[in-house]
Undergrad: 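One structure, pasted below without further comment.
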2 protein chains.
Amino acid sequence: MYQRKIPIDYECGLSVAMEVVGSKWKFCLLDEISKGIKRPRDLVNAINGITKRVLQKQLSELELHGLLSKTIYPEVPLRVEYFLTPSGESLLPLISAVDQWGMGFASQLKVILEGKDSEI
Amino acid sequence: MYQRKIPIDYECGLSVAMEVVGSKWKFCLLDEISKGIKRPRDLVNAINGITKRVLQKQLSELELHGLLSKTIYPEVPLRVEYFLTPSGESLLPLISAVDQWGMGFASQLKVILEGKDSEI
DNA sequence: AAGCATGGTGAATAATTTATCACCAGATGA
DNA sequence: TCATCTGGTGATAAATTATTCACCATGCTT
C-alpha cells in the first residue's frame, strides 16, 4: 500500500466499500474462497490471468482489512489456507448480486462495445 | 478509453460489472443522479472532490455503456440533464446494498487502519 | 467589448494499480 | 548436491485511471 492522496471518507459507505473491495481481483478471490478453494497455489490455478505475486498482495490486503484470515499448517510441503471472516462472509450476497447483474448485462454490453449479439 | 490489454470476459458477471461500474466515481454518480441531481454543474457541486473534466468523462462512459442517457434543453444558458436508463435503474438496489455494507464496515476499517474507534 | 454562466474536449501529466522478474527459505526425494 | 514443492517478498516496469490545464462555443448581461 501507499499513502493515498485523497483519504477514505468513513462517512461514505461507497468510499469504504471501494477501499476494501474495489480492485481487480478481490470479488473474484472472495468468491473462489467461498467455493472452497483456499490454498494460494490452487487459487492461482483456478483464477484465469492472476499471477502468484498479485494474488499474494491482494490476499494480504484482504487479510489486513479483516475480510480473510489464514491458517498455517506445519506440514510438508507447507500448507496455508485462507478463509472468510464474518465480515468476508457478509459480503457474499453482494458479490453474488453483482455477479448476477453482470451476467444479465453482458449481452447488452457486448452489443454496445462490439456491435454484435452474444450467443450466450 | 483505450484498448485494454486484457479484454473483458463476457462469461464472467464480475468482469462485466467491474468494466461498467468499477471506477472511482461511478457508483457515487449514479447514486446522486437517482436522487435527482441531474445537471453536470450540480453534480460537480454535490460530489466532493470530483472535477469538471473527470465528471464529463465518467458521465460519457456511463452513457456509452447504456446506464445513463441525457437530454439537452435548448435554453440559455444551455441545460443538460442526465437520467438513468432502465439498466442504470436496475443497478440502484445494488448500489444501495454496497453503500449499506460500507456503512456497517466503516468503524471496523477505521480501527484497523487508524487504530482507533469511530464516533459515528 | 468584456465578463459570466452553461456544457464540452484534447493533450499532457500525476497517481494508482497490476504485472514481471528475480530472488529467499524449509523440507523432501532423486 | 540438485531439482521440486510449498508460501512469500522487494524492486521495478508496465498498464490503467484520475487530474490538471488550457482551451472552444453559445448567448446573456453590463
Side-chain angles (χ1 to χ4, degrees), chain A residues 1-9 14-15 18-29 33 37-65 68-83 113, chain B residues 1-9 14-15 17-29 33 37-65 68-83:
Chain A
M1 306 284 273
Y2 48 92
Q3 182 54 47
R4 311 182 73 84
K5 185 186 178 190
I6 295 166
I8 304 164
D9 178 2
L14 292 176
S15 173
M18 288 305 263
E19 172 65 16
V20 296
V21 148
S23 62
K24 187 169 179 180
W25 302 102
K26 285 181 180 172
F27 270 176
C28 192
L29 270 174
I33 290 173
I37 301 177
K38 301 171 183 302
R39 302 184 64 180
R41 182 67 39 174
D42 294 335
L43 287 165
V44 170
N45 294 332
I47 300 174
N48 189 274
I50 201 170
T51 59
K52 185 187 161 192
R53 185 70 177 106
V54 175
L55 178 77
Q56 297 282 9
K57 282 198 175 178
Q58 308 237 342
L59 284 175
S60 69
E61 281 180 23
L62 288 167
E63 196 190 355
L64 169 68
H65 289 154
L68 289 181
S69 209
K70 75 173 173 180
T71 303
I72 302 173
Y73 300 90
E75 302 174 358
V76 172
L78 186 59
R79 181 161 64 102
V80 173
E81 287 187 356
Y82 287 85
F83 55 89
L113 296 185
Chain B
M1 306 282 273
Y2 49 92
Q3 182 55 49
R4 309 182 73 84
K5 186 185 177 190
I6 294 167
I8 304 163
D9 178 2
L14 293 176
S15 173
M18 288 305 264
E19 172 66 17
V20 295
V21 150
S23 63
K24 187 169 180 180
W25 303 101
K26 285 181 181 172
F27 270 175
C28 192
L29 271 175
I33 290 173
I37 301 176
K38 301 172 181 304
R39 301 183 65 180
R41 183 67 39 172
D42 294 336
L43 287 165
V44 169
N45 294 332
I47 300 175
N48 190 273
I50 201 170
T51 59
K52 186 186 162 194
R53 186 69 177 108
V54 175
L55 178 77
Q56 296 283 11
K57 282 197 176 180
Q58 308 236 343
L59 284 177
S60 69
E61 281 180 23
L62 288 167
E63 196 189 355
L64 169 68
H65 289 155
L68 288 182
S69 209
K70 75 173 172 181
T71 303
I72 302 173
Y73 300 89
E75 302 173 359
V76 172
L78 186 59
R79 181 162 63 100
V80 173
E81 287 186 357
Y82 288 85
F83 54 90

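Since the model is a prediction, treat every value here as computed from it, not as a measurement.
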Undergrad: Reckon Arg41(B) has a side-chain N or O less than 4.0 Å from the OP1 or OP2 of dT6(C)?
TA: yes
Undergrad: Does a nitrogen or oxygen in the side chain of Lys24(A) sit under 4.0 Å from OP1 or OP2 of dA19(C)?
TA: yes
Undergrad: Take the protein atom CG of Asn45(A) and the nucleotide atom P of dG7(D), then report the distance between them rounded to whole Å.
TA: 10 Å
Undergrad: Taking only the side-chain heavy atoms of Thr51(A) (C-beta and beyond), determine which of dA19(C), dG27(D), dG8(D) contains the nearest atom.
TA: dA19(C)
Undergrad: Check whether any side-chain nitrogen or oxygen of Gln58(A) sits under 4.0 Å from OP1 or OP2 of dT18(C), and answer yes or no.
TA: yes
Undergrad: Atom CG of Leu59(A) to atom P of dT6(D): distance rounded to whole Å?
TA: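 Result: 16 Å.
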Undergrad: Rounded at 0.5 Å granularity, tell me how far CG in Leu29(B) sits from CD1 in Ile50(B).
TA: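 With rounding to 0.5 Å, CG (Leu29(B)) is 5.0 Å from CD1 (Ile50(B)).
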Undergrad: Could you state the interatomic distance from OG (Ser60(B)) to NE2 (His65(B)), rounded to the nearest 0.5 Å?
TA: 9.5 Å
Undergrad: Output the rounded distance in Å from CG (Asp42(B)) to P (dG7(C)).
TA: 8 Å
Undergrad: dG8(C), OP1 or OP2 - any side-chain N/O from Lys70(B) closer than 4.0 Å?
TA: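 Indeed, a polar side-chain atom of Lys70(B) lies that close.
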Undergrad: Would you classify Val80(B) as touching base, sugar-phosphate or nothing, given that sugar-phosphate means primed atoms plus P, OP1 and OP2, and contacts are heavy atoms under 4.0 Å?
TA: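 Result for Val80(B) = sugar-phosphate.
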Undergrad: Checking all strands, does Val76(A) fall into the base, sugar-phosphate, or nothing category for heavy-atom contacts under 4.0 angstrom?
TA: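 The residue Val76(A) makes sugar-phosphate contact but no base contact.
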Undergrad: Need one value for Tyr73(B): base, sugar-phosphate or nothing, where a base atom within 4.0 Å counts as base even if backbone is also close, heavy atoms only.
TA: nothing
Undergrad: Ile8(B) and Ser15(B): which non-hydrogen atoms are nearest, and at how many Å?
TA: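 Taking every non-hydrogen atom into account, CG2-OG, 3.7 Å.
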Undergrad: In whole angstrom, what separates Arg39(B)'s CZ from dA5(C)'s P?
TA: 13 Å
Undergrad: Checking only heavy atoms, does the side chain of Arg53(A) share a donor-acceptor pair with the base of dG7(D) at less than 3.5 Å?
TA: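 Not at all, since no donor on one side and acceptor on the other fall under 3.5 Å apart.
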Undergrad: What is the distance, rounded to the nearest whole Å, between atom CZ of Arg79(A) and atom P of dA27(C)?
TA: 17 Å
Undergrad: Only one of Glu61(A), Glu63(A), Glu19(A) clears salt bridge (charged side-chain N to carboxylate O under 4.0 Å, His left out) with Lys26(A); which?
TA: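 With Lys26(A) as partner, salt bridge (charged side-chain N to carboxylate O under 4.0 Å, His left out) holds for just one option, Glu61(A).
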Undergrad: Got a second to check how far Ile47(B)'s CD1 is from Asp42(B)'s CG, nearest 0.5 Å?
TA: 10.5 Å
Undergrad: In this structure, how many angstroms lie between the C1' atom of dG10(D) and the NZ atom of Lys52(A), rounded?
TA: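 After rounding, the reported distance stands at 13 Å.
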Undergrad: If you assign Lys57(A) and Pro77(A) each to the DNA chain D nucleotide with the nearest heavy atom, which residue ends up on the more 5' nucleotide?
TA: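 Closest to the 5' end, via its nearest nucleotide, is Pro77(A).
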Undergrad: Quick one: Met18(A) CE to dA15(C) C1', roughly how many Å, whole number?
TA: 16 Å
Undergrad: Starting from P on dT6(C), measure out to NZ on Lys38(B) and report it in whole angstrom.
TA: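 Nearest whole value for this atom pair: 18 Å.
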